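The block underneath contains the structure these notes are about, expressed in structure tokens.
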2 protein chains.
Amino acid sequence: MTGKPRDGGRKGFTDRELDIMSVLWREGSGTVAEVRDALDGDVGYTTVLKMLQILEEKGAVGHEREGRAYRYVPLVASASAGGRALRRIVNKIFHGSAEMLLATLVEDRDFSDEEIKRMRSVLDRAERGRGEK
Amino acid sequence: MTGKPRDGGRKGFTDRELDIMSVLWREGSGTVAEVRDALDGDVGYTTVLKMLQILEEKGAVGHEREGRAYRYVPLVASASAGGRALRRIVNKIFHGSAEMLLATLVEDRDFSDEEIKRMRSVLDRAERGRGEK
DNA sequence: CCGTTGCTACGAAGGTTATCGTTGACACCG
DNA sequence: CGGTGTCAACGATAACCTTCGTAGCAACGG
């Protein structure tokens, strides 16, 4: 493992960085070639490598040697990045209203009954689970 | 009004751009000086002007003369920007699961009973309102 | 042993973001 | 009229994102 953070991962990810983090979160880890294959369009090998090096400088990923190649692993959890991103959106776009955020979300996509049910139970759990810890 | 779009506002906003759009969405419109006053830290007048000009180039805002100054108005609705941002997050960070997004949201903040209730009714409305249009 | 292949490292190019300094226009005050 | 304050326009700057080309290294096949 290497990598001294430059900005500690405080800020959100850029588009390309997010593409790459998304792959690592989904797969758990990846070599440069694996990440590259998992990306949509065709991106140069060195481009992916560079992005991973930048992400490492920021402390978002780490790497360990695997044979001749490096295997990169995310050091920032997706939930943590998601929380930061959601906070930003709810504050700047929805003026602090989570209700508006949710309304926009469900208006934007057609959720199945199943999905709505599960979302409702997320709210139930939040309500019940409060006041304990 | 002026402003031919350069990228049509397809992409999301950067941090600073979002700060400024947030003010315009909240207030409805604003001159350079008004926007500047509404921003948190002290930002230079010309900086705010420049950002508004960039946003105008992108088609996100327009302006009309008001006395000697320009009054800027948002051309992109906050719900539209919010929808785009949420889609990006749910896809890249939560792998398409709105349920995970919602779980992260409610874990991150302590919502009141009132807020939870309103969010639940947003889901109810979504369920009932489906299949018609 | 030598060429090929699969890697990482380095650094540069082009575009964007974010910050202003400076200039010039215009109007108001005294 | 002449100074002062408010405003937009322009250009400069520094940092950062994103893309690679090129080079160098190490292992493997023949």
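First the proteins, then the strands, lettered A, B, ... as listed; each starts at 1. Small disclaimer: the values here were computed from a predicted structure and weren't measured.
- Atoms CG (B/D42) and C1' (C/dC20) sit 13 Å apart, rounded to a whole Å.
- Contact annotation: A/Q53 side-chain N/O to C/dT8 OP1/OP2 distance is not under 4.0 Å.
- Qualifying side-chain contact (heavy atoms from CB on, under 4.5 Å) partners for A/A69, counting only residues two or more places apart in sequence or in other chains: none.
- A close approach under 4.0 Å does not occur between any side-chain nitrogen or oxygen of B/Y72 and OP1 or OP2 of D/dA8.
- Across the protein-nucleic acid pair, B/R68 atom CZ and D/dC7 atom P stand 6 Å apart, rounded to whole Å.
- Atom pair B/H63:NE2 and D/dC7:P shows a separation of 15 Å (rounding to whole Å applied).
- A/R71 and A/S29 form a side-chain donor-acceptor contact under 3.5 Å, judged by distance and modelled atom types alone.
- In this structure, A/K58 reaches the D/dC17 phosphate: one of its side-chain N or O atoms is under 4.0 Å from OP1 or OP2.
- Checked against D/dC20, C/dC20, D/dA8, the side chain of A/T46 finds its nearest nucleotide in D/dC20.
- Counting to the nearest Å, the C1' atom of C/dC7 and the CD atom of A/E34 are 14 Å from each other.
- Comment: B/D108 does not engage A/R84 in a salt bridge, judged by the lack of any side-chain N to carboxylate O separation of less than 4.0 angstrom.
- Within the structure, a side-chain polar atom (N or O) of B/T47 is placed less than 4.0 Å from OP1 or OP2 of C/dC20.
- Between B/Y45 and C/dT19 there is no side-chain polar atom (N or O) within less than 4.0 angstrom of OP1 or OP2.
- For A/R16, counting side-chain heavy atoms from C-beta on, the closest listed nucleotide (C/dG6, D/dA8, D/dT19) is D/dT19.
- B/Y72 meets the ring pair (Phe, Tyr, Trp, His ring centres under 6.0 Å) test with B/H63; sequence neighbours excluded.
- Comparing atom distances between the B/A69 side chain and each of D/dC7, D/dT18, C/dT19 picks out D/dC7 as nearest.
- Comparing B/M51 and A/L49, the nucleotide of DNA chain C nearest to each residue sits closer to the 5' end for A/L49.
- Distance CZ (B/F13) to C1' (D/dC17): 19 Å, rounded to an integer number of Å.
- The distance between atom CG of A/D19 and atom C1' of D/dC17, rounded to the nearest whole Å, is 13 Å.
- Of the candidate nucleotides C/dA12, D/dA8, C/dC7, D/dA8 has the atom nearest to the side chain of B/V32.
- Per the geometry, CZ belonging to A/R71 stands 14 Å off C1' belonging to C/dC7, to the nearest Å.
- C/dG14 atom P lies 17 Å from atom NZ of A/K50, rounded to whole Å.
- Salt bridge present: B/E17 and B/K58 bring a charged side-chain N and a carboxylate O closer than 4.0 Å.
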